[in-house]
Amino acid sequence: MSNIATTSAAGRRIASLLDAGSFVEIGGAITARTTDFNMQDKDTPGDGVITGYGVIDGNLVYVYSQNADVLNGAIGEMHAKKIANIYDMAMKMGAPVIGLIDCAGLRLQEATDALESFGTLYLKQALASGVIPQITAIFGTCGGGLAVVPALADFTFMEAKDAKLFVNSPNAIPGNEIGKCDTSSPRFQSEETGLVDGIGTEAEILGNIRSLVCMLPCNNEEDASYSECGDDLNRACVGIENAVEDTAIALANISDNSIFFETKKDYARDMVTGFIRLNGMTVGAVANRSKVYDAEANVVAEFDGSLSVRGAKKAAEFVEFCDAFNIPVLTLTNVNGYTAAKCSEKNIAKAAAKLVYTFANATVPKVNVVIGKAFGSAYVAMNSKGIGADMVYAWPTAEIGMMDAGLAAKIMYADADSATQREKAAEYKELQSSPLSAARRGYVDTIIQPADTRKYVIGAFEMLFTKREERPSKKHGTV
């Protein structure tokens with residue numbers, strides 16, 4: 001590594017991210033080519049970005065790290081070309097690309113040359129999408145057109161104190177100023193836009209990237225995401241029924257050694273997405289959530305159990321990633337319908353359609369466990385047998401049907417007295433909304449005890465390991 005690389009924050013980040021001594025720099029001698037506006041008098045080592053390759057826990061990765069010590073990390077022609085070259089090499093080798101961003105934006109002295117090279121970088125990212133994992137982490141400024149780069153990536157992290165992510169700066173938005181609403185802050189980008197998977201200190205972010213890389217396939221054809229399983233495959237998930245509200249806890253309970261890497265954890269918290277391990281295999285997990293508990297078992301957020309616009313979008317994006325990289329998908333379903341609100345109504349049909357399409361279009365192994373309510377077409381959208389789930393299990397306490405039995409009885413027997421309505425509600429629950437009723441119709445494959453959930457889902461994915469399924473020949477869908 002060059003001297004500038006070892007002494008700069010950009011270089012130190014690479015050294016902290018990769019296995020010790022594994023980084024090999026590429027293009028360290030490159031500098032800016034332009035001479036406009038006396039640029040020849042400026043020192044531009046590496047043209048403001050360090051690029052190369054190394055390993056994370058033995059897995060090959062390609063890395064670029066922007067150097068704010070050189071023209072504030074501004075992107076010029078050669079800067080962008082160095083990153084594009086890393087993408088070319090990563091595509092040939094089938095390895096992930098990790099971008100460590102700290103940049104003042106496009107270099108004004110190079111204008112059209114920088115823009116053209118920037119477009120080339122967008123193209124490389126688009127071509128790499130679904131072929132190799134792309135991860136970005138923002139440690140300083142990421143503004144304007146550069147904000148598209150983390151949006152094109154699969155996973156993005158932000159440093160909690162100094163990172164800024166924006167297309168338009170907060171003060172440039174009509175009617176807003178940064179003191180009123182900092183739209184560039186990590187909190188806004190993680191909670192409101194859903195662009196950021198996690199925020200934290202620099203060390204925490206680099207550690208999270210290492211963990212994530214070790215859970216992901218290296219590309220869409222070869223899989224290095226398996227690890228040795230030291231956990232009992234038949235381990236009983238004792239007390240998992242108590243986590244029916246906060247399914248992040250339930251997923252950790254099911255997973256090998258309680259490993260759960262949650263994605264977009266601060267966005268649409270009524271929907272949980274992330275990666276678990278089952279018998280050493282990485283599995284993508286999607287689950288409805290009605291309560292969020294902290295480490296001290298305090299309720300920090302509560303939801304009404306409905307499928308929201310943001311929750312549907314979050315789940316659809318995650319399942320689409322899993323399908324692209326041949327990662328099996330597990331869902332824990334507990335949903336009572338769609339969110340009923342004026343603002344939600346603007347987008348809920350489209351968001352639900354995208355979720356339905358994504359589950360139906362996915363050809364990876366798909367397993368669903370109904371752990372609570374499964375009402376209406378919101379249940380159908382959550383990886384039901386009707387849209388292609390390979391195996392569907394249900395806990396004995398699950399409710400599967402059009403709606404709550406009591407409400408159904410009130411609608412069907414509106415003029416009856418309360419005793420009759422209660423009687424008809426019990427009858428409706430037995431005939432139409434019990435898991436046994438669904439199992440008799442083939443919509444549920446097996447009714448399982450909550451404690452046996454881990455054993456059954458591991459068995460299902462083992463059985464589905466060699467699954468092959470074709471879709472109609474077409475260029476791509478349009479949903």
Side-chain angles (χ1 to χ4, degrees), residues 129-130 194 247 263-264 267-274 283-290 303-341 343-394 398-403 433 438 441-445 460 464 467 469-479:
S129 182
T247 42
T263 61
K264 291 184 172 32
Y267 178 72
R269 300 182 79 185
D270 56 298
M271 184 70 75
V272 181
T273 59
V283 172
V286 177
N288 307 109
R289 176 164 57 184
S290 55
F303 311 100
D304 63 5
S306 64
L307 181 59
S308 67
V309 172
R310 288 185 173 184
K313 288 181 177 179
K314 176 180 176 179
E317 289 181 8
F318 181 78
V319 173
E320 192 169 43
F321 173 86
C322 291
D323 189 48
F325 288 93
N326 302 306
I327 300 172
V329 174
L330 168 69
T331 50
L332 302 183
T333 298
N334 183 15
V335 64
N336 59 24
Y338 293 116
T339 298
C343 59
S344 175
E345 199 63 22
K346 298 175 184 177
N347 299 296
I348 188 65
K350 186 65 177 177
K354 181 64 176 178
L355 182 59
V356 167
Y357 173 80
T358 305
F359 271 126
N361 192 55
T363 58
V364 293
K366 295 173 288 189
V367 175
N368 186 14
V369 183
V370 182
I371 63 172
K373 295 178 180 179
F375 290 158
S377 56
Y379 151 64
V380 177
M382 280 296 299
N383 191 29
S384 66
K385 181 74 78 171
I387 61 171
D390 298 298
M391 290 294 293
V392 177
Y393 299 112
E399 299 176 69
I400 305 169
M402 279 295 295
M403 61 182 68
S433 60
R441 291 166 168 81
Y443 310 142
V444 167
D445 294 297
L464 293 165
K467 176 186 174 183
E469 187 176 12
E470 298 298 326
R471 289 290 180 266
S473 178
K474 57 186 174 181
K475 188 173 182 181
H476 56 73
T478 60
V479 178

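Keep in mind that this is a model prediction, so the values were computed, not measured.
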Donor-acceptor pair, [X] side chain versus [Y] backbone, under 3.5 Å?
| X | Y | result |
| --- | --- | --- |
| Ser290 | Gly305 | no |
| Tyr338 | Ser377 | yes |
| Lys467 | Val364 | yes |
| Arg289 | Asn334 | no |
| Lys264 | Lys314 | no |

Which atom names give the shortest non-hydrogen contact between [X] and [Y], and what distance separates them?
| X | Y | result |
| --- | --- | --- |
| Asn383 | Val367 | ND2-O, 3.4 Å |
| Ile400 | Ala438 | CD1-CB, 4.0 Å |
| Lys354 | Ala316 | CG-CB, 3.8 Å |
| Asn288 | Met271 | ND2-CE, 3.7 Å |
| Val286 | Ala315 | CG1-CB, 3.8 Å |
| Asp270 | Ser306 | OD2-O, 4.0 Å |

Working to the nearest 0.5 angstrom, can you tell me the gap between [X] [atom1] and [Y] [atom2]?
| X | Y | atom1 | atom2 | result |
| --- | --- | --- | --- | --- |
| Ser308 | Asn347 | OG | CG | 11.0 Å |
| Leu355 | Phe318 | CG | CZ | 13.0 Å |
| Tyr357 | Glu320 | OH | CD | 8.0 Å |
| Asp323 | Asn361 | CG | CG | 6.5 Å |
| Lys313 | Lys350 | NZ | NZ | 10.5 Å |
| Leu464 | Asp390 | CG | CG | 5.0 Å |

Before you tell me yes or no, could you show the steps for Asn368 and Met382 under side chain to side chain contact (heavy atoms under 4.5 Å, CB included), namely the whole-Å CA-CA distance, both residues' side-chain angles and the distance that decides it to 0.1 Å? CA-CA 8 Å; Asn368 186 14; Met382 280 296 299; 5.5 Å; no
Report yes if the side chains of Val329 and Phe359 come closer than 4.5 Å at any heavy-atom pair, otherwise no. yes
Quick check: do Thr339 and Val309 have side-chain heavy atoms less than 4.5 Å from each other? no
Lys/Arg-Asp/Glu bridge criterion (N-O < 4.0 Å) met for Asp445, Lys385: yes
Report the residues that fulfil side chain to side chain contact (heavy atoms under 4.5 Å, CB included) with Phe321, sequence neighbours left out, ordered by chain and then residue number. Asp154, Phe155, Leu216, Phe275, Phe325, Ile327
Would you say that more than 12 heavy atoms from the other residues, nucleotides or ligands in this model lie under 6.0 Å from the CD of Glu469, or not? yes
